[in-house]
Colleague: 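Can you keep this structure in mind? I'll have questions shortly.
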Amino acid sequence: KAGVTQTPRYLIKTRGQQVTLSCSPISGHRSVSWYQQTPGQGLQFLFEYFSETQRNKGNFPGRFSGRQFSNSRSEMNVSTLELGDSALYLCASSLAASGGRTHYEQYFGPGTRLTVT
Amino acid sequence: DQQVKQNSPSLSVQEGRISILNCDYTNSMFDYFLWYKKYPAEGPTFLISISSIKDKNEDGRFTVFLNKSAKHLSLHIVPSQPGDSAVYFCAAWTSGTYKYIFGTGTRLKVLA
């Protein structure tokens with residue numbers, strides 16, 4: 001099976017602009033989560049989607065939003081970019097529930113490196 | 001608040017010796033704990049996990065130990081290999097929250 005793919009891999013934007021990042025999960029995975037990774041901060045949870053519904057979100061401002069499509073592909077959008085939004089954005093997919101059991105392992109894509117100047 | 005903490009930002013170990021990576025947590029409601037390994041320019045890869053009802057899980061060279069009373073888990077790698085050099089993240093998950101809490105990572109360097 002193909003792994004989680006993220007596009008684009010690298011992005012340079014100017015402060016005040018907006019950006020959309022895309023994630024294609026592993027085939028059959030219905031849960032998609034997004035994380036922001038910055039030096040010294042580990043992976044900060046942004047939000048999780050399952051069957052086009054956001055089930056949880058982290059402590060990020062409303063400038064960060066996301067959505068999931070019927071094919072489980074997901075996008076996240078950041079509006080009015082700030083310098084502090086420069087980070088590696090990671091997407092992870094999970095099988096979630098299947099066969100009466102919860103599959104909690106997540107599989108990550110390579111990330112999108114966003115630089116805001 | 002940092003519910004999952006990895007207090008050692010880095011660790012160096014000689015090839016063939018044991019590597020022990022530590023993680024502390026504060027929330028006793030976590031159901032599962034996971035370890036991920038991350039190489040530069042790649043996303044984290046799942047390594048091993050443990051349920052909160054267990055105290056040990058082993059997979060080849062990797063063993064995770066859970067001490068619930070101390071709210072502490074550790075990852076043992078025996079023997080350590082140069083290819084194990086990476087950043088290791090511990091993560092915790094609670095059923096029904098659909099949210100993983102990650103630590104800040106420990107950079108392991110295995111010296112040949």
Side-chain angles (χ1 to χ4, degrees), chain A residues 3-7 9-10 21 23-26 29-51 53-60 66 68 74 87-97 101-113, chain B residues 1-10 21-27 29-54 57 59 62 64 66 86-107:
Chain A
V4 178
T5 58
Q6 292 186 247
T7 55
R9 291 293 311 275
Y10 302 91
L21 311 181
C23 171
S24 293
I26 292 172
H29 284 196
R30 297 166 65 190
S31 169
V32 173
S33 297
W34 288 89
Y35 296 87
Q36 181 194 66
Q37 185 188 11
T38 53
Q41 291 297 313
L43 277 70
Q44 302 290 312
F45 173 77
L46 279 155
F47 24 66
E48 190 264 2
Y49 286 90
F50 180 85
S51 292
T53 300
Q54 185 184 90
R55 297 195 294 186
N56 203 343
K57 63 177 296 189
N59 297 323
F60 280 83
Q68 186 181 35
S74 178
L88 179 67
Y89 290 88
L90 291 158
C91 163
S93 75
S94 169
L95 191 54
R101 125 162 222 242
T102 299
H103 299 260
Y104 49 86
E105 302 90 350
Q106 288 190 314
Y107 297 86
F108 284 83
T112 295
R113 171 75 61 187
Chain B
D1 65 347
Q2 193 69 28
Q3 297 184 59
V4 176
K5 297 181 184 179
Q6 293 177 259
N7 293 316
S8 299
S10 64
L21 296 99
N22 295 303
C23 182
D24 296 298
Y25 62 95
T26 57
N27 187 346
M29 299 299 291
F30 289 135
D31 292 305
Y32 289 98
F33 301 90
L34 307 91
W35 285 94
Y36 286 83
K37 177 170 72 174
K38 186 180 185 300
Y39 294 118
E42 295 181 14
T45 55
F46 171 72
L47 204 53
I48 191 170
S49 64
I50 187 167
S51 165
S52 62
I53 63 173
K54 307 275 189 182
N57 187 27
D59 184 1
F62 303 92
V64 56
L66 177 61
V87 177
Y88 289 78
F89 291 96
C90 68
W93 182 83
T94 306
S95 297
T97 65
Y98 317 114
K99 178 180 177 178
Y100 295 76
I101 308 294
F102 280 80
T104 52
T106 296
R107 183 176 302 278

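Values in this document were obtained by computation on a predicted structure and should not be read as measured data. Just so we're on the same page: letters track the sequence lines, and every chain starts at 1.
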Colleague: Which region of F47(A), side chain (C-beta onward) or backbone (N, CA, C, O), has a non-hydrogen atom less than 4.5 Å from a non-hydrogen atom of chain B, or is it both or neither?
Modeller: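 When you check distances to chain B, no heavy atom of F47(A) falls under 4.5 Å.
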Colleague: Is any side-chain heavy atom of E105(A) closer than 4.5 Å to a side-chain heavy atom of Y32(B)?
Modeller: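 Contact flag for E105(A)/Y32(B) side chains = no.
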Colleague: What's the spacing between E42(B) CD and L90(A) CG if we round to 0.5 Å?
Modeller: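 Atom-to-atom, E42(B):CD and L90(A):CG are 11.5 Å apart.
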Colleague: Could you work out, with side-chain contact (heavy atoms from CB on, under 4.5 Å) as the rule, every residue matching P110(A), not counting sequence neighbours?
Modeller: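 Partners of P110(A) by the side-chain contact (heavy atoms from CB on, under 4.5 Å) criterion, ordered by chain and then number, come out as Q6(A), R9(A).
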Colleague: I need the residue from A91(B), P44(B), G105(B) with the largest number of non-hydrogen atom pairs under 4.5 Å to chain A.
Modeller: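 That would be P44(B).
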Colleague: Among residues at least two apart in sequence or on other chains, which ones pass ring-ring contact (aromatic ring centres under 6.0 Å, His included) with Y36(B)?
Modeller: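 Testing Y36(B) for ring-ring contact (aromatic ring centres under 6.0 Å, His included), a comparison that skips the adjacent residues, returns F108(A), F46(B), F102(B).
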Colleague: Atom CD of Q37(A) and atom OG1 of T104(B): how far apart are they, to the nearest 0.5 Å?
Modeller: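 These two atoms lie 10.5 Å from each other.
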Colleague: Less than 4.5 Å apart, any side-chain heavy atom of K99(B) and any of K57(A)?
Modeller: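 They are not in contact (no side-chain heavy atoms under 4.5 Å apart), so the answer is no.
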Colleague: Taking N59(A), L88(A), N56(A) one by one, which has the highest count of heavy-atom pairs under 4.5 Å against chain B?
Modeller: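 It is N56(A).
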Colleague: Which bit of T45(B) comes within less than 4.5 Å of chain A, counting heavy atoms only: side chain, backbone, both or neither?
Modeller: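 Interface part for T45(B): neither.
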